[in-house]
Amino acid sequence: MTPPRLLRGAGTPSEAPPAPVPDSGPGPTESSTVAGAPAGGASGDDDGVGVPGRWGRGGRLRGVLLGGVAALLVAGGCGFLYGAHQLESDGAARNRALTDTEATDRVAGEVGNALARVFSYTPDGTAAAERSARTVLGGRAARQYQDLFGQVRDDLTEQRVTLSTRAVRTGVIELDGDRARLLVFLDQTSRRGDDAATTAAAQLTVTARLENDRWLIVDLKAR
């Protein structure tokens with residue numbers, strides 16, 4: 001059975017959840033700043049203000065959770081370039097993503113690894129993903145992740161769903177003090193029971209906040 005498609009243009013999760021392939025852990029992430037690599041735009045406050053329906057409307061972020069097929073990387077690359085152009089046009093003087101390579105690499109790495117952890121699980125290991133979510137998600141992102149996982153947890157276990165996610169490209173759009181906005185491309189491999197594995201791509205815009213010397217994801221939106 002084809003895994004449910006949860007991002008815009010990919011259908012709704014009316015079918016049983018997909019089945020990903022187990023992974024030894026999140027793979028390396030490739031980070032890119034808007035100064036020297038494409039980046040995409042994203043919006044959102046550090047507590048998710050003004051983001052009603054970002055997770056539920058159209059089932060887009062729920063699709064990432066279940067491992068559905070997402071937007072094409074080609075289209076996403078255009079998003080990176082468009083975001084970079086916007087930043088240059090707006091002249092974001094305080095945007096450290098343009099000047100501070102070390103800080104930019106750090107937020108890109110932490111956010112990419114966090115997403116890989118919360119969107120990876122095995123049929124008997126969904127609790128590990130939920131524990132990870134409690135440590136790397138905050139604000140609206142944490143609350144809605146918990147709500148969504150509660151809705152699909154039993155199905156994931158019953159249908160023996162495995163999902164492996166890794167961030168393959170992370171673009172920092174804006175880095176200003178303790179707040180960052182990023183565009184992240186994910187590769188997801190899912191498997192249900194003994195079915196063949198299915199690989200898909202997903203694209204997220206992320207808002208992160210530096211708290212207690214670590215980057216916490218406080219807002220997510222599937223593109």
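For the single chain, residues carry numbers from 1 onward in sequence order.
Of the possible donor and acceptor atoms, none in the side chain of Tyr121 sits under 3.5 Å from a partner among the backbone N and O of Leu156.
In plain terms, the two heavy atoms of Thr104 and Arg96 that are nearest each other are OG1-O, 3.7 Å. Smallest separation of non-hydrogen atoms from Pro123 and Thr157: O-OG1, 3.2 Å. In terms of heavy atoms, Ser120 sits closest to Thr165 at OG-N, 2.9 Å. Closest of all the heavy-atom pairs between Ala180 and Val107 is CB-CG2, 3.8 Å. Across Ala208 and Trp215, no two heavy atoms sit closer than the pair O-CZ3, 3.6 Å. Shown here for Leu175 and Asn95, the closest heavy-atom pair between the two residues is N-OD1, 2.8 Å.
At a threshold of 4.5 Å between non-hydrogen side-chain atoms, the residues Glu211 and Val218 do not count as touching. The shortest distance between side-chain heavy atoms of Thr170 and Leu115 does not fall below 4.5 Å.
The pair Asp195-Arg160 does not meet the salt-bridge criterion, since no charged nitrogen lies less than 4.0 angstrom from a carboxylate oxygen.
For the atom pair Asp219 CG and Leu137 CG, the distance stands at 11.0 Å (nearest 0.5 Å). From Glu110, atom CD reaches atom CG of Asp105 across 11.5 Å, with rounding to the nearest 0.5 Å.
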Query raised in the report: Under the side-chain contact (heavy atoms from CB on, under 4.5 Å) criterion, do Ile217 and Val118 qualify, and how do the steps go?
Result: CA-CA 11 Å; Ile217 296 172; Val118 301; over 6 Å; no
Requested in this report: Determine, stepwise, if the pair Val152 / Leu148 fulfils side-chain contact (heavy atoms from CB on, under 4.5 Å).
Outcome: CA-CA 7 Å; Val152 301; Leu148 283 174; 5.9 Å; no
